[in-house]
Amino acid sequence: MVTAASPSWTHCGQGAGPGDRVGCRGIAIPGSLRCLAHATPAEQTAYLAFLSPGADLDLRGTTVTAALLQQIHVRTTDPATGRARLGDVLFDQATFDGEVGFSSTDFTGSVSCVQCTFDGNAWFDGVVFARDVSFKAAHFAGDARFDRTTFATDVWFVETAFSGDAHFTDSAFGSGWFHRASFDQDVLLTGAVFARYAAFNATFARASWLGPLSCGETLDLGDASFAARMTVLAAARKVMCRRTQWAQPATLRLRHASVDLTDAVCEYPLAVAGHLRPFVTPTGPLDESALVNVPEQPRVASLQGVDAAQLLLTDLDLTGCLFAGTIHLDQVRLEGDCSFAEAPAGLHRQGWRPVRLTRRSTLAEEQHWRSTRPASLPGWQLPLPGADIVQPSALAALYRALRKSYEDSSNAPGAADFYYGEMEMRRVDPHTAPAERGLITAYWVLSGYGLRATRALGWLLLAVILTMLVMMLWGLPERDTPSLSTGTLTSHRITMTTDSPDPENPTGPVTERLTSERFDKSLRVVVNSVIFRTSGQNLTTTGTYTEMVSRLTEPVLLGLAVLAVRGRIKR
C-alpha cells in the first residue's frame with residue numbers, strides 16, 4: 001500500500017524518481033541499503049543466515065514472495081517441534097506477493113501487520129500468536145485462513161478488508177476486535193472460542209452463517225451491517241446489537257447471553273431465540289466452560305428504538321427487558337417460553353395496613369417505577385443507576401400494545417396479565433379523572449378488573465351471607481298470614497273480597513329468628529336473586545328492598561367471576 005509520505009524507517013528507495021520520490025518502502029536490512037527483496041543475493045544469504053528459531057523479523061514495507069517466505073520458514077524452524085518460531089514481527093505496509101503460508105508457525109512476540117497487503121491467499125492455519133496481533137487496515141485480496149489458530153491475547157482487525165473468504169474455524173481468541181472491518185465473501189467462525197471479548201463492528205456483504213462460537217464475556221455486533229441473510233449462533237455472557245443493521249432476514253440463536261437490541265434496524269424478519277441445548281460443531285460440542293455459572297436461557301436487556309413489526313422472540317427471559325421507545329410494539333411476536341418479571345406476591349405491610357399482591361406478569365419499567373415510589377413494597381426490581389423512570393400513562397400504553405400482540409396470537413391468558421397491568425397504571429395515574437379512577441378502583445376491588453375469579457366469588461359469597469342474614473333477621477315476616485276472603489249473597493249473586501294483610505315485622509329475641517325454617521326461606525330468596533329471578537316469598541319492607549338490591553349486585557358479581565374464569569381458559 002503506497003502513501004505519499006515517506007515511511008518512518010530507513011527504507012530501500014528502489015525505483016524512486018520524479019514520479020515517485022519515495023520508491024520502495026521496504027526497510028533496509030542490516031549490512032545493506034536495500035530491503036530484503038532488492039538486496040543482492042549475497043546480502044540476502046547473509047541476512048537469512050542470521051535468522052534462527054525465535055528470531056525477531058522486521059520486513060516493514062517489503063514485498064515478500066512465497067519463495068522468500070519459505071526460506072525464512074526453513075531458517076526459523078525449531079528441530080525439536082518441527083514448527084517455525086518467531087519473536088517480535090513487524091510486517092507494517094508489507095506486500096505479500098502470491099499465496100502466503102504461515103501454517104505451523106509460533107509467534108512468541110507481538111505481531112504488527114498494519115496496512116499490509118496479501119495479494120493472494122493467506123494461510124495461518126494452526127498458527128500460535130502468543131502476544132498481541134494487529135492487522136489494522138490490512139487487505140486480504142484472497143482467502144484468509146485462520147483455522148485452528150490461537151490468539152492468546154488480543155487480535156486487531158481494525159479497518160481490515162477481507163475480499164475473499166475469512167475462515168476462523170475452531171480458533172481460540174483472547175479478545176478479537178473487528179472494528180470497521182469489511183467481509184466481502186463468507187465468514188466462518190464455527191467452533192471459535194473468545195475467552196473475553198469479540199467485537200464485530202463490521203460490514204458483512206455476503207456472510208450467511210456466523211458461528212457457532214463461544215465468548216466468555218461480550219460478543220459485540222453493534223454498528224455491524226449485514227447485507228445478506230444471516231444466522232448467528234453464539235453462546236456468550238452478553239451480545240450487543242446496538243444500531244446493528246439487518247438488511248435481509250436474520251436469526252439470532254443464543255445461549256446464556258443478555259442481548260441488547262437498542263436502536264437495531266431490521267428491514268426484514270429478525271428472529272431472536274433461545275437455544276436449549278449446547279451447540280455442536282463438526283469436532284464436537286462447543287466449549288462453554290467460561291459460562292458454566294450463567295443461566296442457559298438468554299435474556300433480552302432492551303428493545304428500545306427497535307421497529308418490532310419484524311421481530312420474533314422465542315424462549316427468552318424478558319424479566320429485565322426495557323420496552324419503552326419500541327416502535328410498533330403491538331406487532332411483536334412472542335412465542336415459546338417468554339417469561340416476564342412477576343409482581344412480588346403475598347402479604348406485605350404498607351404503613352399500618354396489610355397489602356396483598358397477586359402474582360402476575362409485569363414489565364421491568366413498572367417494577368422500576370414502583371421501586372422508586374415512597375413506601376414502596378419490598379420485592380420490586382430496582383432500576384439501573386441513571387435509568388429513566390417511565391410514568392404510569394406511558395406504562396399503560398406499553399401494556400396495551402403487548403396485550404394486543406397476545407390477543408392477535410390468540411393467547412388470551414397472556415393478554416389478561418397485560419390488561420391487568422394496563423388497568424393498574426390507569427388506576428394509579430395521577431392524570432386520570434377522579435370519577436374514572438373511582439370506577440376503575442371499584443372494578444379492581446370487586447373482581448381484579450374482571451380477571452380475579454376468587455375475588456369476585458368472595459364478594460358474591462359475602463353478599464349472599466349478608467343478604468341471608470338480613471332476610472332471616474328482618475326480611476321474612478313473623479308468620480305467613482293467610483289471605484282472608486269474605487262474600488255477600490244478593491239475589492243469587494255472590495260478591496267475594498280477598499284481603500292480604502301486610503306482613504308482620506318479626507319481633508322477639510334475635511336468636512329466635514335464626515331458625516332452620518327461616519334459613520331455608522332466606523336461601524331460596526338469595527338463590528333466586530343471584531339468577532335474577534323473584535322468589536315469590538312474602539317479605540317485609542326491609543326484605544323487599546334487600547331483595548331488590550341483591551337482584552342487582554349478586555348477578556353482577558357472578559358475571560364478573562364467570563368473566564375472569566373465561567379469560568383464563570379462553571383459547
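Every value quoted in this text rests on a predicted model; they were computed, and no experiment measured them. All heavy atoms count here, side chains included; hydrogens, waters and symmetry mates do not.
- Here the side chains of Pro7 and Arg60 are not in contact, with every heavy-atom distance at 4.5 Å or above.
- Using a 4.5 Å heavy-atom cutoff, the side chains of Leu210 and Leu221 are in contact.
- A donor-acceptor contact closer than 3.5 angstrom is absent between the side chains of Asp106 and Thr108.
- Not counting sequence neighbours, the partners of Phe129 by the ring-ring contact (aromatic ring centres under 6.0 Å, His included) test are Phe107, Phe151.
- Put simply, CZ on Phe91 and CG on Leu57 are 4.5 Å apart, with the number rounded to the nearest 0.5 Å.
- Using modelled atom types, no side-chain atom of Asp260 and backbone atom of Met240 make a donor-acceptor pair closer than 3.5 Å.
- Distance alone, capped at 3.5 Å, places no donor-acceptor pair between the Asp119 side chain and the Gly98 backbone.
- More than 12 heavy atoms of other residues, nucleotides or ligands shown are found within 6.0 angstrom of CG on Asp56.
- Remark: the Asp92 side chain and the Ser112 side chain contain an N/O donor-acceptor pair separated by less than 3.5 Å.
- Checking side-chain atoms of Arg255 against main-chain N and O of His275 turns up a donor-acceptor pair under 3.5 Å.
- Using a distance-only test at 3.5 Å, with no hydrogens or angles considered, no donor-acceptor pair links the side chain of Arg148 to the main chain of Ala172.
- Nearest heavy atom pair, residue Ser6 against residue Arg25, reads C-NH2, 4.0 Å.
- Under 4.0 Å is where a charged nitrogen must lie from a carboxylate oxygen, and between Glu43 and Arg34 no such pair does.
- With rounding to the nearest 0.5 angstrom, the CG atom of Asn201 is 12.0 Å from the OG atom of Ser225.
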Going through the checks in order, is the side chain to side chain contact (heavy atoms under 4.5 Å, CB included) test met by Val114 and Trp156?
CA-CA 9 Å; Val114 175; Trp156 302 83; over 6 Å; no
Show your reasoning for whether side chain to side chain contact (heavy atoms under 4.5 Å, CB included) applies to Asp165 and Leu188.
CA-CA 8 Å; Asp165 293 343; Leu188 273 72; 5.8 Å; no
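- Scanning both residues, Thr326 and Ala308, for their nearest heavy atoms gives CG2-CB, 3.8 Å.
- Inter-residue side-chain proximity for Trp246 and Leu252 is flagged as met; some heavy-atom pair is nearer than 4.5 Å.
- With Thr314 contributing its side chain and Gly336 its backbone, the two residues share no donor-acceptor pair below 3.5 Å.
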What's the verdict on side chain to side chain contact (heavy atoms under 4.5 Å, CB included) for Val187 and Phe178, showing C-alpha distance, side-chain angles and the deciding distance?
CA-CA 12 Å; Val187 181; Phe178 295 81; over 6 Å; no
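- Summarising the geometry, atom CZ belonging to Phe140 is positioned 13.0 Å from atom CG belonging to Asp184; distances are rounded to the nearest 0.5 Å.
- Distance check: Gln44 CD to His38 NE2 gives 10.0 Å after rounding to the nearest 0.5 Å.
- Closest approach of Arg75 and Pro53 over heavy atoms only: O-CD, 3.8 Å.
- Looking at heavy atoms from C-beta onward, Asp88 lies in side-chain contact with Arg131 at the 4.5 angstrom threshold.
- Classification of Arg180 and Glu159 as a salt-bridged pair holds, one side-chain N sitting under 4.0 Å from a carboxylate O.
- In terms of modelled atom types and a separation under 3.5 Å, the side chain of Thr149 and the main chain of Phe124 share a donor-acceptor contact.
- Enclosure of atom CD1 in Ile327 by more than 12 non-hydrogen atoms of other residues, nucleotides or ligands within 6.0 angstrom is indicated.
- Side-chain contact of Asp132 with Thr153: a donor-acceptor pair under 3.5 Å is present, judged by distance alone.
- Neither side chain, Thr190 nor Thr281, offers a donor N or O lying under 3.5 Å from an acceptor on the other.
- Interatomic distance, OG1 of Thr362 versus CZ of Phe340, reported as 9.5 Å (0.5 Å rounding).
- Ion pairing of Asp125 with Arg145 is absent here, as no side-chain N (NZ or NE/NH1/NH2) approaches a carboxylate O to less than 4.0 Å.
- For the side chain to side chain donor-acceptor pair (under 3.5 Å) with Tyr197, the lone residue among Asp154, Thr218, Asp220 that qualifies is Asp220.
- Tyr399 places a side-chain N or O within 3.5 Å of a backbone atom of Leu363 that can act as its donor or acceptor partner.
- No hydrogens or angles considered: a donor-acceptor pair under 3.5 Å links the side chains of Asp317 and Thr319.
- Shown here is Trp209, whose CH2 atom has no more than 12 heavy atoms of other residues, nucleotides or ligands within 6.0 Å.
- Val259 approaches Cys241 most closely through the heavy-atom pair CG2-SG, 4.5 Å.
- Heavy atoms from other residues, nucleotides or ligands lying under 6.0 Å from CZ of Arg229 number 12 at most.
- Side chain of Ser361 to main chain of Asp417: no donor-acceptor pair is present (N/O by atom type, distance under 3.5 Å, no hydrogens or angles).
- Using modelled atom types, one finds a donor on one side chain and an acceptor on the other under 3.5 Å when comparing Arg206 with Gln185.
- Judged purely by atom type and a 3.5 angstrom limit, Ser214 uses its side chain to pair as donor or acceptor with the backbone of Asp287.
- Classified by interplanar angle (parallel below 30°, tilted 30° to 60°, perpendicular above 60°), the ring pair Phe162/Phe157 is tilted.
- Rounded to the nearest 0.5 Å, atoms SG (Cys113) and NZ (Lys136) are 14.0 Å apart.
- With sequence neighbours excluded, no residue satisfies side-chain hydrogen bond (donor to acceptor under 3.5 Å, both in side chains) with Arg237.
- Within 6.0 Å of CZ on Arg333 lie no more than 12 heavy atoms contributed by other residues, nucleotides or ligands.
- Residues satisfying the side chain to side chain contact (heavy atoms under 4.5 Å, CB included) test with Asn121, not counting sequence neighbours, are Glu99, Trp123, Asp143.
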Run the side chain to side chain contact (heavy atoms under 4.5 Å, CB included) test on His368 and Gln381 for me, step by step, so that the C-alpha distance in whole Å, both residues' side-chain angles and the decisive distance to 0.1 Å come before the verdict.
CA-CA 6 Å; His368 299 165; Gln381 184 183 128; 3.2 Å; yes
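- Residue Pro298 comes nearest to Leu316 through the heavy atom pair CG-CD2, 3.5 Å, listed as atom of the first residue, atom of the second, then distance.
- The minimum heavy-atom distance between Ser104 and Val127, with the atom names listed, is N-CG2, 4.3 Å.
- Under the 3.5 Å distance criterion, the side-chain polar atoms of Gln304 are left unmatched by any main-chain donor or acceptor of Leu322.
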